[in-house]
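Before any comments, here is the structure.
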Amino acid sequence: MAKLWGGRFNKATDKKVDDFNSSIAFDARLYKQDITGSIAHATMLGSVGIITPEESQLIVQTLKEILADIEAGKVAFSIDAEDIHMNIETILIDRIGDVGKKLHTGRSRNDQVALDIRMYIKDEITEISKLLRHTMQTILTKAEQNTDTIMPGYTHLQKAQPITFAHYLLAYFQMFRRDYGRLQDTYKRCDVMPLGSGALAGTTFPLDRELVKNLLGFSSITENSLDGVSDRDFALELLSALSILSVHLSRMSEEMILFNTHEFSYIEMDDAFSTGSSIMPQKKNPDIAELVRGKSGRVFGDLMALLTVMKGLPLAYNKDMQEDKEAIFDAIDTIKMCLPIFTDMLSTLTIRKENMRKGAAGGFTNATDYADYLVKKGVPFREAHGISGRTVFYCISQNKALEDLSLEEFKTFSPLIEEDVYSAIALETCVNERKIYGGPAKEAVLTAIQNAKEFLDTI
Ligand code: ARG
């Protein structure tokens, strides 16, 4: 097949070069954005009189037919036409001849691909945002059901202080809320229309960039033609946002795996979201959570790949930038696969409330509250900390919890200790006295739930 750019060449391209150079195998998925962008460009060319209204109409009409044919599976793309942009242009020219050859007036594939990828990412951010909203909603529903479910909070994976499962879940709500915000910020940077940048130095044709911007639903146009074709910051931002989101999915998956073990038994994953072993009949494995955790590596890799591609590129366009697509697509596909299955896995979890409570009752999670009790009796905190530590040491030797000690035993550590110590160190007290804004007390968690609901109502 003759190349659209074949004029200054004497020889056909080596077959290996076609294979190596072409991107149609992975950029075919941009067909819709490419055609939509071309329809806007052709409409504008007609409107400013660069082509006639009839020519513009014929191009627009034929592009719509090509779109319908692609969606009906009637179009085969060719590696000879290199990428999605030239495949569609070639098909257009095949269908309407010379008029089709006018479409690319005042345009370059460099600004065309920048346009397509921005449009693609905008659409995908909208999709991912919906999935993420559903994840947040699911977390919130589970939190509402668990405001009284006491569990140990951890530091260093050692039992630390009692919290509730609702409070734990709402920590992830906050992470996903920030992820959501990062995606909306990224959207703003994608929402800038680059056509008119040409290959790098704009164009001599009087293109109406504002019209194209409006036709395509962009908020503004790029300010510098060199930057318009060489900027991939918006893609890096997307990959960063998706990487951070992956960190959150991975951390929560890790905890689901841990809490689902026989040793913890805080939760049980539904049979429909667990898998068996080919040899060990007793096994019920948390493969979904493990895969979500593992797939974070792909997304980080995608970010690293694009950062590395971009870091040494002289202005403006370089073919290296064709490598942006697989990274972008892979990260988007991965997140779109992970979010729904992760969310369904969460929504079908069984919460073993009694085991969580047992976990909170062991391990001296009320030792801080015991020290705080002494502080309220007038003991300076550092001293109270020491008394509490010595009491814990004693308890360990007696194989007892703090609340198992008799008042006489308590008094050997401080004469200030009275009967009221027992209610002060009860788990419910430890949790529900932490009423501070952002804390785990039921009162504070109900406020957090209300705030979370209000946020979800705004998105
Ligand atoms: N397939 C190319 C890409 O994805 C399109 C732009 C090609 N431009 C060029 N001057 N070769 O980046």
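As the structure lists them, so they are numbered: ligands from 1, and atoms in each ligand from 1. This chain uses plain numbering: 1 for the first residue, then up along the sequence. Computed from a prediction, not measured in an experiment: that's the story for all the values here. Heavy-atom basis, side chains included; hydrogens, waters and symmetry copies ignored.
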Taking distance alone, no hydrogens or angles, what donor-acceptor pairs closer than 3.5 Å link side-chain atoms of residues 173-180 to residues at least two apart or in another chain?
{"residue": "Asp179", "atom": "OD1", "partner": "Arg182", "partner atom": "NH2", "Å": "3.1"}
{"residue": "Asp179", "atom": "OD1", "partner": "His248", "partner atom": "ND1", "Å": "3.3"}
{"residue": "Asp179", "atom": "OD2", "partner": "His248", "partner atom": "ND1", "Å": "2.7"}

Atom pairs and distances, ligand 1 N/O vs protein N/O under 3.5 Å:
{"residue": "ligand 1", "atom": "1 (N)", "partner": "Ser23", "partner atom": "OG", "Å": "3.3"}
{"residue": "ligand 1", "atom": "1 (N)", "partner": "Asp83", "partner atom": "OD2", "Å": "2.9"}
{"residue": "ligand 1", "atom": "1 (N)", "partner": "Gln322", "partner atom": "OE1", "Å": "2.7"}
{"residue": "ligand 1", "atom": "4 (O)", "partner": "Lys325", "partner atom": "NZ", "Å": "2.5"}
{"residue": "ligand 1", "atom": "8 (N)", "partner": "Asn110", "partner atom": "OD1", "Å": "2.9"}
{"residue": "ligand 1", "atom": "10 (N)", "partner": "Asn110", "partner atom": "OD1", "Å": "3.1"}
{"residue": "ligand 1", "atom": "11 (N)", "partner": "Arg109", "partner atom": "NH2", "Å": "3.4"}
{"residue": "ligand 1", "atom": "12 (O)", "partner": "Tyr317", "partner atom": "OH", "Å": "2.5"}

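For the pair Lys188 and Phe234, the NZ or CZ position fails the cation-pi test of under 6.0 Å to the six-membered ring centre and within 45 degrees of the ring normal. In this structure, Arg29 is not positioned above the aromatic face of Tyr120 in the sense of NZ or CZ being under 6.0 Å from the six-membered ring centre and within 45° of the axis.
Lys358 is linked by a salt bridge (Lys or Arg N to Asp or Glu O under 4.0 Å) to nothing, counting only residues two or more places apart in sequence or in another chain.
Legend: side-chain hydrogen bond (donor to acceptor under 3.5 Å, both in side chains) pairs involving residues 192-205, not counting sequence neighbours: none detected.
The neighbour count for Gln450 CD, taken as heavy atoms of other residues, nucleotides or ligands under 6.0 Å away, is above 12.
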